[in-house]
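Each chain gets a letter, A, B and so on, in the order the sequences are listed, and its residues count up from 1. What you see is a predicted model, and the numbers here were worked out from it, not measured in a lab. The figures here come from the full heavy-atom set of this structure, side chains too, leaving out hydrogens, waters and symmetry mates.
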Number of protein chains: 2
Amino acid sequence: MRLDERKIRILQAIIDDFISTAEPVGSRTIAKKYNLGVSSATIRNEMSDLEEMGYLEQPHTSAGRIPSDKAYRFYVDRLMKVKSLKKEETENIKQMYRNKISQIEQVICNTAKILSDITNYTSIVLAPQMNSIVIKHIQLVPIDSRLALLVIVTNAGILKDTVVKIPEDIDADYLNRISNILNKLYKNKSFGQVNLDDLAGVRKEFARNSSLVDTLIDALSDHYSKSDKDIYYGGTTNIFNFPEYQDVVRARSFLNLLEEKELLYKLLSKAEGDGVTVSIGTENPYEELRECSIVSATYKIGDRVLGSIGIIGPTRMEYSKAVSAMDYMAKTLSYYLTSLYGK
Amino acid sequence: MRLDERKIRILQAIIDDFISTAEPVGSRTIAKKYNLGVSSATIRNEMSDLEEMGYLEQPHTSAGRIPSDKAYRFYVDRLMKVKSLKKEETENIKQMYRNKISQIEQVICNTAKILSDITNYTSIVLAPQMNSIVIKHIQLVPIDSRLALLVIVTNAGILKDTVVKIPEDIDADYLNRISNILNKLYKNKSFGQVNLDDLAGVRKEFARNSSLVDTLIDALSDHYSKSDKDIYYGGTTNIFNFPEYQDVVRARSFLNLLEEKELLYKLLSKAEGDGVTVSIGTENPYEELRECSIVSATYKIGDRVLGSIGIIGPTRMEYSKAVSAMDYMAKTLSYYLTSLYGK
DNA sequence: TGTTAGCACTCGTCGTCATTGAGTGCTAAA
DNA sequence: TTTAGCACTCAATGACGACGAGTGCTAACA
C-alpha cells in the first residue's frame with residue numbers, strides 16, 4: 001500500500017490533533033475540524049489503512065486512534081515545518097546572555113531554565129564533559145600555613161578548584177615551583193590527555209614532600225576520572241501538565257528517571273554531530289523511556305563539543321517547537337561560550 | 001477538663017497509630033492493638049473529650065479520628081522519646097565524611113542525600129550563608145593576557161571564584177598589588193562586614209584602570225549581596241511514598257513548593273539557636289505548608305552558624321526518628337566542617 | 001460514679017448494572 | 001471510489017444497594 005497524498009494529509013491531521021488534545025482521535029473529528037473535503041467514512045477507510053501500515057494504533061476497539069512512534073518519526077522527518085521562535089522568546093534568550101555571568105555553571109543553569117520555560121517540557125543540560133576540556137592554567141594558591149588551593153583554569157571558564165592540605169613548612173615559592181612544573185606538563189592539554197605518569201618525575205624532584213605530590217595527583221585524577229556527571233534541570237514539574245502523567249505512578253517513575261544521571265548522560269552524550277537529534281519513544285534504548293521523546297543538541301566552544309542540552313517529554317510532543325527551540329538555544333549558547341572562552 | 005494520665009496514653013496510642021497507618025483511627029482499634037485495660041466505649045468517651053480539647057479531629061462523622069497539629073505539638077514536646085539512630089546509620093554517616101571530600105558543595109550535597117535516605121523524607125540543605133562567612137584570602141590569579149581569576153577563600157572552604165576580564169596591558173605584579181590591597185581591606189572580615197566604600201581609595205590609587213576596579217567591585221558585591229540561595233535537596237520523590245500524596249494535585253504542589261527557594265530559605269534560616277527545631281503544619285507561616293512539618297537544625301564552624309539542614313514531610317511524620325537524625329547529622333556535619341576549616 | 005455492653009444511626013466505600021455516547025467496520029447505494 | 005446508514009463494541013458515567021467501620025447515647029453494672 002502506498003502512502004499517497006491524501007493519507008499523508010490525514011495522518012498529519014491526526015498527529016496534530018493528538019499532540020494538542022492527547023485524546024485518541026476519531027474519523028468524525030478529522031472530518032469536521034480539518035477540511036479535507038472527504039467524509040468521515042472515507043477517512044475511516046484511510047485510517048484503517050494507516051493502522052495496517054503501522055502509523056496508527058487503537059487503544060481499544062471503540063476508541064479513536066493515536067499515532068505510533070513510526071508516525072511521529074515520519075512527522076519529524078518529513079511533515080513537520082520547523083517554525084522559528086517568537087521574537088520575544090529569542091529576545092529572552094539573548095537577554096539572559098547579556099547579563100554578564102561569570103560562572104559557567106550559572107550559564108548552564110539558566111540555559112536549562114529558559115529551555116523549559118520556552119518549551120514547557122523538562123530540560124536537561126549536561127555540564128561540559130571533562131575529556132574535551134583543555135587545561136589553560138594550573139596554579140597552587142597558598143591560603144594559610146596549612147592549606148593551599150589548587151586552581152585549574154580551563155577553556156570553559158574556571159572548572160574546578162580543590163582545597164589541598166600542605167605540610168606546614170612549605171612556603172609560597174615552593175608552591176610556585178610546583179605550579180610551574182604542573183603548568184609545563186599540562187598546559188593546553190585536555191583532561192583526556194592528562195597522563196599521571198608524567199608526575200612521576202615531579203614526585204622524584206619533590207621527594208621530600210611526596211605526600212603533597214600524592215595529594216595533588218589525587219586532586220587532578222579526581223577531576224578527570226571522576227564521573228563528574230553534572231546535570232542541570234529545568235521545569236522538572238512540567239510533566240504534571242500533561243494528562244498522560246496525571247497518574248501518580250507514572251509521574252513518579254518519570255521523576256525517578258530524571259535522577260538516573262548515568263542513563264541521561266549516556267542518552268544525551270551520544271547525540272553527536274551537528275544539529276538537533278530527536279529520539280522517539282521506543283527508539284530510545286531504555287525501557288523506561290519508551291513513552292518519552294528526547295530532543296537534544298550539543299553545544300561547543302569553537303569546534304570542540306563541550307556538552308549537550310536536551311528536553312524530555314511525552315512522545316506526544318510539540319516537535320516543531322521543541323526542535324526550533326533546541327536549535328536556537330544550542331547555537332546561541334555555543335556562540336556565547338565561544339566568544340567568552342574561545343581561542 | 002484535665003489531660004489526665006489515661007487521656008495522654010490514649011492520645012499517644014492514636015498518634016502512634018496514625019503516624020504508621022495514615023488511616024483515621026477508631027476506638028476499637030485502640031482497644032484491641034494497645035492494651036490500655038479499658039473498653040472501646042471508654043476510649044470513645046475519652047476520644048470525645050480529646051476532640052473537645054482540640055487534640056483530635058474527625059474527617060467525617062463515621063470515620064475515626066486523626067491528631068490535630070496541637071496533638072503533634074504535645075507529642076513532640078512531651079510524649080516522644082527520641083530514640084538514637086541505629087548503629088549502621090551512624091556508621092553510614094561517618095563513612096560519608098571519612099571519604100576525603102574537598103569541595104564543600106560536595107559535602108553539602110551528600111549530607112542532603114544521606115538525610116533523606118535515613119529518614120525517607122525530603123531533605124533540604126542550605127549552603128553556607130554569605131553573611132556569616134569570613135574572608136580569609138583574596139587573590140587575583142592571572143590566567144592569560146585578557147583574563148584573571150578572582151579567588152575568594154573563606155573559612156568555609158573555597159567559596160566563589162569569578163573570571164574577570166582585565167585590560168591587556170596589565171601584568172602579574174600589578175594584579176598582585178591589587179590583591180594585596182584587597183587582602184588588607186577584607187581579610188578576616190565577614191561578607192556582612194564588607195563595605196564597598198572602602199574601595200573608593202583603591203579606585204583612586206588605580207585610577208588609570210578604574211574599569212578594572214569597577215569589575216572587581218561588581219564581582220565582590222555579587223558575592224555578598226546576591227541572594228545566593230543555594231539549596232540542595234535529597235529524596236525529592238520520597239513524597240510519593242505517602243498515601244496522602246497519592247493525589248497528583250497535592251504531589252505537584254508539594255514539588256512546586258520545593259522550588260520556592262525564597263520561602264524555604266526563610267523557613268530554614270529562621271531556625272536559630274542550638275538544637276533541633278520542629279515546625280508543625282499550621283505553625284508554619286505559609287499557607288502552602290499547612291499540611292507539612294519541617295524539622296530543622298543549623299550547622300556551624302566553631303561557634304559560627306553557617307547554614308541549615310532540614311527535612312520536610314507530612315505532619316504525620318515520624319518525629320522521633322526525624323529529630324534524632326537531624327540532631328546527629330547537624331552535630332556531625334558541624335564537627336567535620338570545624339575540623340577542616342575551623343579557626 | 002465510672003465503666004461497659006448494646007444498639008441505632010451515619011456515612012464513605014465498593015460492587016453491580018443499566019445507560020450513554022464516541023467510535024468502528026461493513027454494506028449497499030450513488 | 002465515495003458516502004450514507006446501521007449494527008456493534010466498549011469505556012465512562014451514574015444510580016443503587018449492601019457493607020462495614022465508626023460514633024454517640026442509653027441503660028445496666030461494679
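In this structure, a donor-acceptor pair under 3.5 Å is present between the side chains of B/Y34 and B/D17. No side-chain N or O of A/T122 forms a donor-acceptor pair with one of A/N238 less than 3.5 Å apart.
Residue A/T42 has a polar side-chain atom (N or O) positioned under 4.0 Å from OP1 or OP2 of D/dT3. OP1 or OP2 of D/dT2 has at least one side-chain nitrogen or oxygen of A/R6 nearer than 4.0 Å.
Judged by distance alone, the side chain of A/N284 and the main-chain N or O of A/C292 form a donor-acceptor pair under 3.5 Å.
As judged by a 4.0 angstrom heavy-atom cut-off over every strand, A/R28 is placed among residues making no nucleic acid contact. Residue contacts shown for B/S40 are absent, as no nucleic acid heavy atom lies under 4.0 Å away.
Nearest-nucleotide mapping onto DNA chain C: of B/T61 and B/R44, the residue sitting toward the 5' end is B/R44. Nearest-nucleotide mapping onto DNA chain C: of B/H60 and A/S27, the residue sitting toward the 5' end is B/H60.
Within a 6.0 Å radius of NZ in B/K113, other residues, nucleotides and ligands contribute 12 heavy atoms or fewer. Within 6.0 Å of the CZ atom in A/R28, the count of heavy atoms belonging to other residues, nucleotides or ligands does not exceed 12.
Here chain B contacts DNA chain C (any atom closer than 4.0 Å to a heavy atom, that is under 4.0 Å), and the contacts span C/dT3 to C/dG12 from 5' to 3'.
Nucleotide D/dT2 holds its C1' atom 14 Å from the CG atom of A/D4, rounded to whole Å. Put simply, CD on B/E51 is 15 Å from P on D/dG22, counting in whole angstrom units. Here D/dG22 presents its C1' atom at 9 Å from CZ of B/R65, a figure rounded to the nearest Å.
Aromatic rings of B/F242 and B/Y121 (six-membered ring for Trp) have centroids within the 6.0 Å cut-off, being under it.
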